[in-house]
Amino acid sequence: MAINKAAYQQLNEELRLMNITLVAVSKTKPIEDIRALYNLGHRDFGENYVQELVEKAEQLPTDIRWHFIGHLQTNKVKSIVPFVYLIHGVDSLKLLNEINKQAGKNSRVIHCLLQVHIAQEETKFGFDENELFNLDISQFENVKINGLMGMASLTDDINKIRTEFKHLKTIAEKLKATTPQLQTLSMGMSSDYKIAIEEGSNMVRIGSLLFGERNYPE
Ligand SMILES: *Cc1c(COP(=O)(O)O)cnc(C)c1O
């Protein structure tokens, strides 16, 4: 497998002009593919399995900004806290407390995004709106919450996807009124990033468009 260099360069330029961060999602893809993108100047990479992330990080340059985008179990937090750049899918208070504790042990402040449950499907993780408005995000000394992350339903129904992204953007704006630090809005993947951007995303997580289809699902 090789990376799609032309697609990368075009997308990267397009997003750069709009000040949108491109997280290249390299899960299941080999080290050589990551290195190929790195050699084109890319630094933000996303992974969603702890073990895979740890193994890759050990073999790759230390100036890569590793984004953890998967569902993180509390017992795995300590493996990634020493080096992770941004944890996208923080979906419970329990997880926040554990990240805070492990970050303290590593004398780090870990940047996190709170995952919001916007898809109608039951299986998606995340806080719901009420929980978010009741959460005191200043209580964590070693965690800095930078914004929100969300995933739309897996559907071909573009209107449904748009409605879900719109909803997340609305929540983000409401929270920002009292908590201005919540600047980042991570939404959009290969299939729906254009809609996400139209609805206000400033960080997209793109895998298959850059690296080709994955052989097995996440
Ligand atoms: C795999 C994954 C992506 C990227 O998916 P593509 O469809 O390959 O772009 C984005 N976000 C999360 C949370 C993922 O697990």
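One-based numbering along the sequence shown. The analysis underlying the following values was restricted to heavy atoms, covering all of them including side chains, and did not include hydrogens, waters or symmetry mates. Whatever order the structure lists them in is the order used to number ligands and atoms, beginning at 1.
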Heavy-atom proximity to atom 11 (N) of ligand 1 ranks first, among Q115, R205, R214, for R205
Under the 6.0 Å and 45° cation-pi test, does R43 pair with Y38?
yes
Report, in ascending order of atom number, the atoms of ligand 1 lying under 4.0 Å from any heavy atom of I206.
9 (O)
Carefully, step by step, assess K166 and E199 under the rule salt bridge (charged side-chain N to carboxylate O under 4.0 Å, His left out).
CA-CA 6 Å; K166 224 186 254 302; E199 298 307 329; 3.2 Å; yes
Less than 4.0 Å is my threshold; does some heavy atom of L209 fall inside it relative to ligand 1?
no
Proximity of I69 to ligand 1 by residue part, where a heavy atom lies under 4.0 Å
both
Hey, is ligand 1 close enough to K27 that some N/O pair sits below 3.5 Å?
yes
Taking the six-membered ring for Trp, are H111 and Y85 parallel (under 30°), tilted (30 to 60°) or perpendicular (over 60°)?
parallel
Angle class for the W66/F45 ring planes (parallel below 30°, perpendicular above 60°, tilted otherwise)?
tilted
Rounded to the nearest 0.5 Å, how far does NE2 of H88 lie from CG of N146?
9.5 Å
Numbering as shown, the atoms of ligand 1 that approach N48 to under 4.0 Å (heavy-atom distance)
15 (O)
